[in-house]
Amino acid sequence: MRWSDNANPLGYYPVPIISINGSKGPTLFVSGGVHGDEFEGLSAIMRLAQSLKPEDLAGQVILMPAANAPAVSASSRVSPLDGQNLNRAFPGDALGGPTAMIANFIETQILPICDAVVDLHSGGKASFFQPCALVTKVADASLFAKNMQLAQVFGLPLIWQLGQLNDKRSLNSAAERVGIPMIAAELGGGGGVDPTIADQTEQGLYNILRYLGMITGPKPNPKDTRTVELAASADTLYAPADGLFDRAISAGQDIKRGDIAGTFHFPMEPARASLQLEFLASGMILAHTCRGMVSRGDLLALIVRDVDPHK
Ligand SMILES: [Zn+2]
């Protein structure tokens with residue numbers, strides 16, 4: 001990527017792309033590192049890149065393990081070059097800043113030649129997500145059904161269905177504009193690599209390859225999977241003040257309205273009474289903050305509700 005700044009006036013910033021070409025078949029694009037502090041997917045992609053042989057493949061696999069490479073190099077959610085979030089940069093701009101250029105390259109050069117897309121995320125340093133596949137409920141019913149099938153064969157026991165809250169500047173929306181089936185995944189988080197989650201992710205990628213007929217082996221069938229959605233943005237629990245969140249819940253836990261999410265302390269004002277934070281809605285904890293000290297407005301817990309995946 002050509003971007004001239006003080007650190008690198010006349011060189012380029014590398015953005016790695018791996019292409020594994022087999023015999024005739026579909027094209028699958030897998031991205032990781034859209035956010036630069038989410039490493040489980042990046043690990044699974046690197047494992048796939050080292051193990052998948054062209055002679056075993058029908059079709060082409062295009063891998064961008066570190067899609068926002070400057071952000072990955074800095075272990076940062078956003079790019080240190082321009083402060084931009086790649087998943088809020090689509091459709092991008094070929095003549096824009098570094099993050100806009102990457103977004104534009106993916107939307108205009110990669111997605112149009114693909115038959116399916118998998119975009120791997122996690123909670124990053126800030127938060128932890130119950131591992132799940134993420135599906136956008138796109139307006140086109142047949143495309144939505146294909147998205148759902150990809151999520152169901154990926155193999156994680158939870159699917160997060162994203163409706164109207166999906167941001168039009170995300171890679172999910174880019175895939176919808178181009179009209180190709182896509183899933184994302186949220187794979188733990190905390191800023192490291194969980195071995196179990198990285199294994200599940202690698203297995204999920206192989207499940208997708210078998211489902212698309214790109215490698216041999218038993219083809220997985222889409223199976224009914226617990227599906228959840230953000231019912232109302234008001235369900236989400238945010239920090240009510242600056243202070244310490246003494247968390248009482250974990251991701252994947254089912255909770256009821258009025259249950260205690262944790263205790264909120266004010267360590268800088270030791271005489272001030274701590275608060276008990278209650279959930280305002282019933283549902284499942286999809287994600288929680290990994291932070292202790294938080295600021296007013298920080299996300300503490302993301303609550304989702306079950307939906308009927310057949311509707
Ligand atoms: Zn992410």
Side-chain angles (χ1 to χ4, degrees), residues 35-41 75-78 85 87-88 120-134 156-163 165-167 184-198 200-201 225-307:
H35 295 131
D37 62 346
E38 302 174 0
F39 302 115
E40 292 81 354
S75 294
S76 162
R77 179 174 176 83
V78 301
N85 174 351
N87 221 21
R88 295 291 180 273
L120 301 173
H121 289 255
S122 82
K125 292 176 187 168
S127 47
F128 182 91
F129 272 82
Q130 182 69 6
C132 60
L134 195 160
L156 289 173
L158 184 68
I159 295 173
W160 176 16
Q161 182 177 297
L162 207 56
L165 296 174
N166 185 34
D167 196 293
E186 292 289 356
L187 304 158
V193 179
D194 178 275
T196 303
I197 297 174
Q200 288 174 322
T201 308
T225 305
R226 184 177 184 184
T227 302
V228 294
E229 68 178 1
L230 282 172
S233 52
D235 287 357
T236 299
L237 193 66
Y238 295 99
D242 295 359
L244 177 69
F245 181 46
D246 188 353
R247 179 166 56 87
I249 44 85
S250 297
Q253 191 177 330
D254 290 304
I255 53 97
K256 289 203 159 43
R257 180 188 169 94
D259 283 356
I260 300 298
T263 308
F264 204 82
H265 305 295
F266 302 95
M268 302 307 164
E269 304 167 74
R272 186 172 169 187
S274 300
L275 302 174
Q276 297 280 298
L277 296 186
E278 290 183 7
F279 288 111
L280 303 174
S282 302
M284 193 196 85
I285 308 293
L286 180 67
H288 60 71
T289 184
C290 289
R291 292 175 176 154
M293 288 300 288
V294 293
S295 300
R296 179 172 179 173
D298 283 5
L299 182 139
L300 300 182
L302 196 57
I303 299 147
V304 287
R305 302 186 199 180
D306 285 284
V307 291

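The two atoms that bring Ile303 and Asp235 nearest to each other are CD1-O, 2.9 Å, heavy atoms only. Across every non-hydrogen atom of Leu158 and Thr225, the tightest pair is N-CG2, 3.7 Å. Residue Phe279 comes nearest to Lys256 through the heavy atom pair CB-O, 4.1 Å, listed as atom of the first residue, atom of the second, then distance.
Qualifying side-chain contact (heavy atoms from CB on, under 4.5 Å) partners for Glu278, counting only residues two or more places apart in sequence or in other chains: Ile260. Not counting sequence neighbours, Asp242 has no partner by the salt bridge (Lys or Arg N to Asp or Glu O under 4.0 Å) test. In this structure Arg77 satisfies the salt bridge (Lys or Arg N to Asp or Glu O under 4.0 Å) test together with Glu38, sequence neighbours excluded. Gln200 pairs by the side-chain contact (heavy atoms from CB on, under 4.5 Å) definition with Pro131, Leu156, Thr196, Ile197, not counting sequence neighbours.
When atom types are taken as modelled, the side chain of Arg291 and the backbone of Met293 share no donor-acceptor pair closer than 3.5 angstrom. When atom types are taken as modelled, the side chain of Asp298 and the backbone of Ala239 share no donor-acceptor pair closer than 3.5 angstrom.
Within the structure, ring-ring contact (aromatic ring centres under 6.0 Å, His included) pairs that include any residue of residues 233-253 do not occur (at least two apart or interchain). Counting only residues at least two apart or in different chains, ring-ring contact (aromatic ring centres under 6.0 Å, His included) contacts with residues 280-303 comprise Phe128-His288.
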- Item | Candidate pair Asp254 and Met284, rule side chain to side chain contact (heavy atoms under 4.5 Å, CB included), full reasoning | CA-CA 4 Å; Asp254 290 304; Met284 193 196 85; 3.5 Å; yes

- Task: Applying side chain to side chain contact (heavy atoms under 4.5 Å, CB included), run through Phe129 and Leu286 and close with a yes or a no.
- Result: CA-CA 6 Å; Phe129 272 82; Leu286 180 67; 3.9 Å; yes

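We find the NE2-SG distance between His121 and Cys132 to be 11.5 Å, quoted to the nearest 0.5 Å.
A donor and an acceptor atom, one from each side chain of Glu40 and Ser122, are located under 3.5 Å apart.
Counted within 6.0 Å of CZ on Arg257, heavy atoms from surrounding residues, nucleotides or ligands total 12 or fewer; the atom is thus considered open.
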